[in-house]
Amino acid sequence: MELTPDESRVLTELTGDETAMPELVARVGEDQAKVAAACTLLAEKGLVAVREVPFVEFVFKGDPLPDGWTPPRQRIFAALSDAGEPLAMQDVAARAGLEPQAVGQNLKGLLASGAVAKQGGNLALTGKPFACPETDAVLLLVSKGTAREAELVSDGVDVGALREFGPAALGKKAILEREKTDRFVQLTPAGVERKASGVEAVREVSQITPELLASGEWESVKFKPYDIHLETEPFRTGKKHPLQRVLESTRQAFLEMGFEESVSSYVESGFWDFDALFQPQDHPAREMQDTFYVAKPGKTPLPDEELVRRVRETHETGGDTGSVGWRYKWDPAKAMQNVLRTHTTATTVREVAKNPKGPRKVFSIGRVFRRETIDYKHLPIFYQVDGIIIDKDASFSTLLGTLAAFYERMGFEKFYFRPGFFPYTEPSVEVFIWHEEKQDWFEMGGSGIFRPEVTEPLGCTEPVLAWGLGLDRLAMLLHDRSDIRDLYLSDLDWLREEPRCR
Amino acid sequence: MPVIGIPTAELRRRIGEEVEGDKLLEVLGDMGCDVEGLATLRRMQCVRCGFVMELAGKEDTPPTCGNCTTPLRDVEGSTREMSPIEVVRMELLAVRPDMFDPAGLARAIRGVLGIETGPIEYPSHDVVAKLTVDPSVRRPESLRPHIACAVIENVTLDDDSIKLLMKLQENLHWALGRNRKHASIGVYDLDSLGGDTEFEYTTEPPDYRFVPLGATGSEPWTLERILEEHAKGRAYANLLQGFDRYPILRSKSGQVLSMPPIINSEETKVHGKSRRFFIDVTGSGQRIVQRTLAILVTSILEYHKDAKLGLVEIHGATDAGEVDGATTTLVTPDLAPQIARVDSEHTAKLLGIPLSTDDVEELLRKMRHGISKRNGTEIEVEVPAYRNDILHERDLMEDAAIAFGYRNIPRALVPTLTVGKELHSTRVTSDLRDILVGMGYLELFTIALTSTEQGDDVLGLAAHPRAVVLDNPISSDQTQLRTSLLPGLLQTFARNRHNALPQRVFELGEVSFLSDEAETGAHERHYVAFGTIAPKVGFAEIRAEAEAFVREARIPFRLERAEVPFLVPGRAAFLVGDAGAPIGVFGEVHPRTLARLGLQNPAVMFEMTVPTEDGTPEYLALGESPLRT
């Protein structure tokens, strides 16, 4: 059992008989707190016994009293005696040489003695004698400064009167009464034995220093133990954003499935955002209410004439796609208008046009824009992953399989595919995933096989599987957030506290 | 999407076979309906016109009747409480208006469940009425030159069926009519016309008069007054804006039926005792008015099995093609099926399900299509007239898939091997992100939409001349795409004043600039920005971190003193790239900028362009503001 330097010095100074703490402190020559702490540790080790005796002590904390001081009660009684007649309060104060409120404060005690009574507004003597027992007690305490209750009692003063009338006489904060404890320390038999066997002091060290290491002294010191439960300043790690982690897992999933990444501009022409996707020009999604139109740069020139002709004919009559078309007059001006892309399907349909020959797998992760007012569910801007598979063997079955494979990779096990309806895919499907903890289905996005009205004008004759899935929703589910604003208008405390690993 | 309540008792009665509650919801979902669940609705009837309103939970009586606009709320005796009703609440499936009401929905469910498959014949008898279209309706700029009509006889209405009819009409207006713009429906009591069976669709000037629905006992209103004062007039006046003559539908003897697409006349309104109806649909295209009419009429015929459908001969009808096309004579409604073809082999291959021609036929019959012929694997399909959504063979393949059930489709992966490849920018930004996380920075995403006030002004810069500007912003804070990441980071500090310091954040994101080289006139650049706010932080720290970061990023650079409005003069530097142009900037944030955001601790910031395959592009966030010294 190792002892710290403090413990060993305390042990050295103690015997099998009790030593009072003040004496021990004096013998050890260290400050009281250190000695007391060492005693407590030694007691825990069973080497010393500490006996505690509680007592009450009075302390005078007021200013020194003037010579010939008498308590206010005495002075009020004397003033009334001198006057020989009832006096009004303010007269009592003047004659007794007291502040008026001091008369008030001491009056209760005086009335209780029975020697003074109220007569209307005046004070009068009743003829009963008046003794003032606090006088001696106060004077004794003031002379001692600090005195134990037992000491005052044995000196024959009235401690009860000191308690009762003292504060009014001297002022509330002038007398402090407190409970204290005397400690008596002695060695236990084990302590006696330990002392007899020799006490070796070990130096205690908190900070390991280069000197300590260089001198080799570290071999003989004790490292001061810390309270391992004590709170420390929090350490802040650098960290990727939760949404970024979802974007990365998404990207990783598609890369692993053999997809090539693609990107396009936020500013997109109506042609690629809508027309090339067989979205009729009067479709509600194209209204000013739902889509951000761009003033600068306002227009994109139409792509090559042949492509534009095929797209126009498909809208108007179906062209040679076998479709009946939407049956309206297609307006090139609307196709030139720039919008902030409403989906990254604009990116993937551009890929179909760029290289319509399969087999190809392409994905794009990016921001998309909808004209929404900000609230807990909506932001005007959010992330989507769009993907396409151009393959002669692609089918609706492989579409569902690919979507399931992606969400399995993201940690989900159950899916529901509900028929969906989009202008540019047929068959179409809405994708739901089952959240085990929340015990609910969550809609993740839309998907389908591009309509021939989309692919054929672009020169593509193979089936093109396509999907556009929301990623913010997924990030919210994975990080248990119910307010989408948390992702973009972040509270740093949340970002700091949200663990990196799920 | 509007949410509708389909009365479950009525729906079940029409399906005819016992379907459990959960199973019913499941079937609806598998058909593509967005089902919210079951709900019980209170019902309240307008005493005056008999219109039934459904109220969810604690909903108060509506202020006015949804049909005749009589004030209801707080008016004693204006409403009658009816028994509550259980409904399936679901979003209106806009592409399937034939499934908007219990009758049409049950027709589809019976097919999918195999209770009854194939098409339904809706017999019609003779032409019983005649309508003439006045040439004034067909002026080139007219929005509604097309009209289709029908007569339905021998119908007994109760409150519920009036309600359903009105609801269906309302929902068709929304979904097919695009809020009455493309198609607008009118239903009238034929008996109120005293045996008149000849009608005309014409136009009249604004001072023409009739009594609009809801104005009982009043003098006739002028068309102008209807547009200005009548609730429906005000609601739809925009559809007639700019015309000096308005559409009028009236009988040969001069009784006005309606002013399409605004309001019917009071005299011809449908009530509980009505037995014969005249129906019209006016609109912008021949196909849309015909389809709308077919959906409405077949739903009524589904609902009233004894009803008889009468045809209407339309003279001077605008031809199906262009607005200024020739005229023709039509007989409506045209309930003849649309003939389409689908190849069963193609269907099986596209869906990835082994299906025989018989299988495909059976699936299509479940979707209530008729099969008229088969030629090898090619099937000739009769698409019911109430289906508005079959444009292509592909739509029939989807119908087959829905009938098969998406949940029964096996899931597979494309067997073809392809090699994954990420973008160069993905690799670079991912490396930069690693460096910053290693430096102890916390990543942020901020909103990429901003404004001059929220962006350039924060930095003390002039409005950026190359910013992408929106035409129809939704708020004054978001009028353009961002040109720098710094305002977003500074605003994050401002928003997090109550959180512990130091705060060290970064963002790797796209900023947008106008560009003559870009196809659409604008392009994105990846930028990286980081910064620290702390009681004690200054140029020395950001100088050290900037250097460490750029060195780790392996970007050649030298430093030049910078003077930019948002950094303290003498404590700001440009990173200058190989080409001699600045590629980034960093320094101590100017107290003016801190004060503007209410920040009470010093901050340091860094921003730089992310290298592309062709080197590190010039740093453009400062617009025309930067001064290099």
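Lettering of chains follows the sequences in order, A, B, ..., and the numbering in each one begins at 1. In this text, all values refer to a predicted model and were calculated from it rather than measured experimentally.
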Ranked by heavy-atom pairs below 4.5 Å to chain A, first place among Leu350(B), Val505(B), Leu449(B), Asp399(B) goes to Leu350(B)
Honestly, the part of Gln491(B) sitting under 4.5 Å from a heavy atom of chain A is neither
- Item | Side chain to side chain, Leu492(A) and Leu444(B), heavy atoms closer than 4.5 Å | yes
- Item | Sidechain N-carboxylate O distance under 4.0 Å for Glu248(A), Arg433(B) | yes
Turns out that what part of Ile353(B) lies under 4.5 Å from chain A's heavy atoms comes down to neither
Take Asp34(B) and Arg418(A) through the test salt bridge (charged side-chain N to carboxylate O under 4.0 Å, His left out) and record every step on the way to the result. CA-CA 9 Å; Asp34(B) 191 349; Arg418(A) 191 176 75 190; 3.2 Å; yes
Checked Met397(B), Glu519(B), Glu393(B) vs chain A; the most non-hydrogen pairs under 4.5 Å come from Glu519(B)
Across all chains, not counting sequence neighbours, the ring-ring contact (aromatic ring centres under 6.0 Å, His included) partners of Phe259(A) are Phe254(A), Trp467(A)
Margin query: Using a 3.5 Å distance criterion without hydrogens, assess whether the side chain of Arg411(B) forms a donor-acceptor pair with backbone atoms of Leu400(A).
Written below: no
Quick one: does any side-chain atom of Asp391(A) pair with a main-chain N or O of Thr416(B) as donor and acceptor, under 3.5 Å?
no
Cut-off 4.5 Å, heavy atoms of chain A, and the answer for Ile288(B) is neither
Whatever's closer than 4.5 Å to a heavy atom in chain B on Val429(A) counts as both
### Task
Test Tyr266(A) against Glu510(B) for side-chain hydrogen bond (donor to acceptor under 3.5 Å, both in side chains), laying out the working first.
CA-CA 10 Å; Tyr266(A) 289 173; Glu510(B) 290 165 314; 2.5 Å; yes
Interatomic distance, CZ@Arg327(A) vs CD@Gln286(B), rounded to 0.5 Å, equals 12.0 Å
Value for CZ (Phe417(A)) from CG (Asn408(B)), rounded to nearest 0.5 Å, stands at 13.0 Å
Below 4.0 angstrom, N of the basic side chain to O of the carboxylate: do Arg451(A) and Asp395(B) qualify?
yes
Please check: side-chain N/O of Lys361(A) versus main-chain N/O of Val419(B), any donor-acceptor pairing under 3.5 Å?
no
If one checks every heavy atom of Gln480(B) against chain A at 4.5 Å, the contacting part turns out to be neither
Here the gap from Thr520(B) atom OG1 to Asp273(A) atom CG, rounded to the nearest 0.5 Å, amounts to 11.0 Å
Notebook entry, point to check: Quick check: does any side chain N or O of Asp493(A) sit under 3.5 Å from a backbone N or O of Asn499(B), one acting as donor and the other as acceptor?
Noted result: no
Hey, does Lys349(B) have a side-chain heavy atom less than 4.5 Å from the side chain of Asp393(A)? yes
Exercise. Do the side chains of Ile447(B) and Phe382(A) get nearer than 4.5 Å, heavy atoms only?
Worked result: no
Bottom line for Arg495(B): the part with an atom under 4.5 Å from chain A's heavy atoms is side chain
When the 4.5 angstrom heavy-atom criterion is applied to Ile389(A) and chain B, the contacting part is side chain
Greatest number of non-hydrogen atom pairs under 4.5 angstrom with chain A, of Arg394(B), Lys421(B), Arg341(B), falls to Arg394(B)
Rounded to the nearest 0.5 Å, the OH atom of Tyr441(B) sits from the OG1 atom of Thr237(A) at a distance of 14.0 Å
- Message: Looking at Glu524(B) and Arg367(A), is any side-chain nitrogen of the basic one under 4.0 Å from a carboxylate oxygen of the acidic one?
- Response: no
Most contact-rich option vs chain A, by heavy-atom pairs under 4.5 angstrom, among Ala518(B), Ala400(B), Ala500(B), Ser512(B), is Ala500(B)
The interface call for Phe369(A) against chain B, heavy-atom contacts under 4.5 Å, is side chain
Turns out that what part of Leu481(B) lies under 4.5 Å from chain A's heavy atoms comes down to side chain
Counting N and O atoms only, with roles assigned by atom type, does the side chain of Arg236(A) sit under 3.5 Å from a partner on the main chain of Pro502(B), one being a donor and the other an acceptor? no
Under 4.5 Å to a heavy atom of chain B? For Thr402(A) that would be both
Applying a strict 4.5 Å limit to non-hydrogen atoms, the region of Phe271(A) in contact with chain B is neither
When the 4.5 angstrom heavy-atom criterion is applied to Leu340(A) and chain B, the contacting part is side chain
If one checks every heavy atom of Ile374(A) against chain B at 4.5 Å, the contacting part turns out to be side chain
Turns out that what part of Met31(B) lies under 4.5 Å from chain A's heavy atoms comes down to backbone
Is any side-chain heavy atom of Val469(B) less than 4.5 Å from a side-chain heavy atom of Val294(A)? no
Under 4.5 Å to a heavy atom of chain B? For Leu487(A) that would be backbone
| message | What I'd like to find out is whether the side chain of Phe445(B) reaches to under 4.5 Å of the side chain of Ile381(A), using heavy atoms alone. | response | no
Whatever's closer than 4.5 Å to a heavy atom in chain A on Ala340(B) counts as neither
Nearest heavy-atom approach of Asn472(B) to Met288(A) is ND2-O, 2.7 Å
Residues Thr418(B) and Pro359(A): closest non-hydrogen pair is CG2-O, 4.3 Å
With no hydrogens and no angle check, is any side-chain donor or acceptor of Thr446(B) less than 3.5 Å from a backbone partner on Tyr488(A)? no
Give a yes or no answer on whether the side chain of Thr398(A) reaches the backbone of Leu413(B) with a donor-acceptor pair at less than 3.5 Å.
no
_Ring center gap for Phe396(A) and Tyr406(B) short of 6.0 angstrom_ = yes
Whether the side chain of Glu398(B) engages the backbone of Ser428(A) through a donor-acceptor N/O pair (distance < 3.5 Å, no angle test) should be reported. yes
Ranked by heavy-atom pairs below 4.5 Å to chain A, first place among Ile402(B), Asn496(B), Val437(B) goes to Asn496(B)
So CZ of Arg371(A) and OG of Ser475(B): to nearest 0.5 Å the spacing works out to 9.5 Å
Most contact-rich option vs chain A, by heavy-atom pairs under 4.5 angstrom, among Ala401(B), Pro410(B), Gly405(B), is Pro410(B)
Cut-off 4.5 Å, heavy atoms of chain A, and the answer for Val95(B) is side chain
Distance col, row Glu422(B):CD vs Glu260(A):CD, nearest 0.5 angstrom, shows 12.0 Å
Closest heavy-atom pair, Pro419(A) versus Gly29(B), reported as atoms and distance to 0.1 Å, is CD-O, 3.7 Å
Checklist entry - Taking C-beta and beyond as the side chain, do Thr492(B) and Ser490(A) meet within less than 4.5 Å on heavy atoms? => result no
Cut-off 4.5 Å, heavy atoms of chain B, and the answer for Tyr383(A) is side chain
Side-chain contact test, heavy atoms from C-beta onward, threshold under 4.5 Å: evaluate it for Asp434(B) versus Lys240(A) and give yes or no. yes
Margin query: Between the side chains of Asp282(A) and Arg178(B), is the shortest nitrogen-to-carboxylate-oxygen separation below 4.0 Å, so that they form an ion pair?
Written below: yes
His392(B) side chain vs Glu453(A) backbone, donor-acceptor pair below 3.5 Å: no
